[in-house]
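Before any comments, here is the structure.
Residues: numbered from 1 along the sequence shown.
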Amino acid sequence: MRKAGKAGPGERAGRVARTGFEGVDARLPLAESARALLRKAFPEHWSFLLGELALYSFVVLLLTGVFLTLFFDPSMAETVYQGSYVPLHGVRMSEAYASTLDISFEVRGGLLIRQVHHWASLVFLSSIGAHLLRVFFTGAFRRPREANWMVGVTMFLLALLEGFAGYSLPDDLLSGTGLRTAQGIMLSIPVIGSYVSFFVFGAEFPGEDIVSRLYPMHVLLVPGLLLALISLHLLLVVHLKHTQWRGRGRTGRNAVGQPLFPHYTAKSGGLFLIVFGLLAVLAAVAQINPVWAYGPFRPDQVSTDAQPDWYVGFLEGALRLMPGVETRLWGHTVMWNVFLPAVVLPGLLFVILYLYPFFERWVTGDGGERHLCDRPRDRPTRTGLGVAALVCYGVLLLAGGQDVVSYVFHLPFPPLTWVFRVLFVVGPVAAFWLTKRLCLALQKRERELLSEGEETGEVTQTVEGAHRPGHRPLDDGARWVALTAERPRPLPEPRGPGDGRDTRDVRAPRLRRLVDRSRSAASAWYYQDRVEPPLDARLRDEVAALNAGPTDTDPGPGERDGRGDAG
């Protein structure tokens, strides 16, 4: 029995911990920072979990990758296989391929971990892509989040590189075919292509160094960069606060949601367990990348039905659709049929992704902060461009497997190629037009509901015999979201020199006037098609104040009608 006044072990430990924390907090303000972080509000919506799917699949990749690193041998030295997979007994192969077979058949649980790793990589890439699409369609890339958008695009680019490197490490026939394609892309670069290929492979293809060079990049360099970018991304999310959907009590100057601890932490932790569990189940019941069925890589062989993973399938399709064109200039051969679709096209894609937030701010003329998400229908041109890009990607992905499509559906190969070429040009244009019309139709329907209300399904007959459908007002939440939607107007046309309105334009350089006209034309193309909600002057002022960010000043007359700063 403990004597009165004498502290027990638990009390003493608590006292020591409290004293130690107070000592550290006196030197580093941990308590204040932790208190603010734990009470940070995170909005509730399923679309915000897409980024967490990417984060938790990356955690699974790290855990399973550490396990696989213990047994994988990144060497292209030849050996004769004598393992437990009988069909390959006596076959000469690289140490990398042999160790992959050993992981699959000799290491306890190795095949399960390999498949969890591969499935997690696909989930990681797809969730990053879906998250970027969510950010794009809702306008969450606008100021002050342009830097975070660029971080996300860089993570997607690094994830593509990481996936391709991991896909190539086993040195099987399928991954070797992909490396051969990559080497052809390198050789297509004018002047320096052959030097790039020698630098990567260390010799003529396939060389003996490619696996040992891909290995540290896959397990150390790119994961380290991804980990740093993920940390920066989360830091920016906490610092800039999360975007949120429109609703009662939500403005551009607050954040409404659950606190980080304990509510959001519990929900997020549950999501991690679900992701890990589903990946384990998927790996147990769905076979993926059976390298033993492909066999070791041989430079003189090509795997039938060789298809890359979906995230680089668009490159394969672009290569197949591009006609064979080459040019000889000053002793150099430029292979346009490889260089344009495999180097210029993806390079142009990522340049557009990096610059798009600044381009949209330029055509909008709005330099303020935006913390409320757009509905896709409220920005029909942006939504149309996004859908057109998705259709373009889908056509290229199908074209990457055109031989399989031709074989399965018994279609002639040359006409199928031309069908895909026509779809690549016509499909995105048709998708843009149709999506924009659909967004405008939704806006028009919403205006009708605001003005007349929604139908009740009842019909009344007047004493004169006329029949009138019954209507009831929209519920308060839907009406609030529809009325507060932000739909910018196009910028005014620039004043021409000598029109008597502004003499500054007379002295402006010709290039500046050309830029102003181009900006006005682009803004008109973006925002001239819209359906204005039924707002009076008072409501317009309220909507402008609600959409304004915390650093914005009181909206002026040009901003109250949705136009923004024309300067």
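Look at Glu532 and Arg447 and you find no salt bridge, because none of the NZ, NE, NH1 or NH2 atoms lies under 4.0 Å from a carboxylate O. Taking a cutoff of 4.0 Å between a charged side-chain nitrogen and a carboxylate oxygen, Asp366 and Arg142 do not qualify as a salt bridge.
A donor-acceptor pair under 3.5 Å links the side-chain atoms of Gln115 to the main chain of Ile288, judged by distance alone. Although no hydrogens or angles enter the test, the distance criterion places no donor-acceptor pair under 3.5 Å between the side chain of Arg143 and the main chain of Pro357. Side-chain N or O atoms of Thr435 include one that pairs as donor or acceptor with a backbone N or O of Ala431 at under 3.5 Å. Remark: the backbone N or O of Leu353 is paired with a side-chain donor or acceptor of Trp149 at under 3.5 angstrom. Judged by distance alone, the side chain of Gln528 and the main-chain N or O of Pro490 form no donor-acceptor pair under 3.5 Å. Using modelled atom types, no side-chain atom of Ser523 and backbone atom of Arg519 make a donor-acceptor pair closer than 3.5 Å. Under the 3.5 Å distance criterion, the side-chain polar atoms of Ser127 are matched with a main-chain donor or acceptor of Ala54. In terms of modelled atom types and a separation under 3.5 Å, the side chain of Glu146 and the main chain of Tyr356 share no donor-acceptor contact. Although no hydrogens or angles enter the test, the distance criterion places a donor-acceptor pair under 3.5 Å between the side chain of Arg479 and the main chain of Leu450. No side-chain donor-acceptor contact under 3.5 Å links Glu486 to the backbone of Asp374.
Side-chain contact between Leu345 and Leu396: present, with at least one pair of heavy atoms (C-beta onward) separated by less than 4.5 Å. At a threshold of 4.5 Å between non-hydrogen side-chain atoms, the residues Leu214 and Phe164 do not count as touching. Within the 4.5 Å cutoff, side-chain heavy atoms of Leu122 are placed close to those of Tyr311. In this structure, Glu446 and Pro533 have side chains that are not in contact, with every pair of non-hydrogen atoms separated by 4.5 Å or more. Annotation: side chain of Ser47 is in contact with side chain of Trp245 (closest heavy-atom distance under 4.5 Å). Residues Leu62 and Val66 have side chains not in contact (no heavy-atom distance under 4.5 Å, counting atoms from C-beta outward). Contact check for Met150 versus Phe141: no side-chain heavy atoms found under the 4.5 Å cut-off. No side-chain heavy atom of Arg246 sits under 4.5 Å from any side-chain heavy atom of Arg375.
Within 6.0 Å of CH2 in Trp525 there are more than 12 heavy atoms belonging to other residues, nucleotides or ligands. Atom CZ of Arg248 has more than 12 heavy atoms from other residues, nucleotides or ligands within 6.0 Å. The number of heavy atoms from other shown groups lying within 6.0 Å of NE2 (His471) is above 12.
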Check the pair Met155, Leu132 against side chain to side chain contact (heavy atoms under 4.5 Å, CB included), reporting the backbone distance first and the verdict last. CA-CA 10 Å; Met155 283 196 292; Leu132 285 174; over 6 Å; no

Step by step, would you call Lys436 with Thr383 a side chain to side chain donor-acceptor pair (under 3.5 Å)? CA-CA 7 Å; Lys436 190 171 183 177; Thr383 304; over 6 Å; no

Apply side chain to side chain contact (heavy atoms under 4.5 Å, CB included) to residues Tyr527 and Leu491 and explain how you reach the verdict. CA-CA 9 Å; Tyr527 300 120; Leu491 297 175; over 6 Å; no

Run the side chain to side chain contact (heavy atoms under 4.5 Å, CB included) check on Phe272 and Leu55 step by step: do they pass? CA-CA 9 Å; Phe272 169 69; Leu55 173 63; over 6 Å; no

Evaluate the criterion side chain to side chain contact (heavy atoms under 4.5 Å, CB included) for residue pair Ser168 and His218; output intermediate values, then yes/no. CA-CA 10 Å; Ser168 305; His218 180 71; over 6 Å; no

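For the atom pair Glu162 CD and Leu61 CG, the distance stands at 8.0 Å (nearest 0.5 Å). Residue Ser121 holds its OG atom at 11.5 Å from OH of Tyr167, rounded to the nearest 0.5 Å. In this structure, CD on Glu52 lies 3.5 Å from OH on Tyr264, to the nearest 0.5 angstrom. From Glu44, atom CD reaches atom CD of Gln244 across 11.5 Å, with rounding to the nearest 0.5 Å. The NZ atom of Lys267 sits 6.0 Å away from atom CG of Leu49, with the distance rounded to the nearest 0.5 Å. From Leu440, atom CG reaches atom OG1 of Thr381 across 8.0 Å, with rounding to the nearest 0.5 Å.
Ring geometry for Phe359 against Trp362 counts as tilted: the plane angle lies between 30° and 60°, on a 0 to 90° scale.
Here the closest heavy-atom approach between residue Pro492 and residue Ser520 is recorded as O-OG, 3.6 Å. Pairing each heavy atom of Phe42 with each of His242, the nearest pair is CD2-CD2, 4.3 Å. When all heavy atoms are compared, the tightest approach of Ser57 to Ala120 is CB-O, 3.8 Å. Of all non-hydrogen atoms in Cys373 and Thr243, the two that sit nearest each other are SG-OG1, 3.6 Å. The shortest heavy-atom contact between Phe124 and Ala159 is CE2-CB, 3.7 Å. Between Pro488 and Arg530, the shortest heavy-atom distance links the atoms O-CD, 3.7 Å.
Shown are Arg253, Arg250, Lys241, Arg145; of these, the side-chain hydrogen bond (donor to acceptor under 3.5 Å, both in side chains) with His371 is made only by Arg145.
Taking the six-membered ring for Trp and the full ring otherwise, Phe67 and Phe71 have centroids separated by under 6.0 Å.
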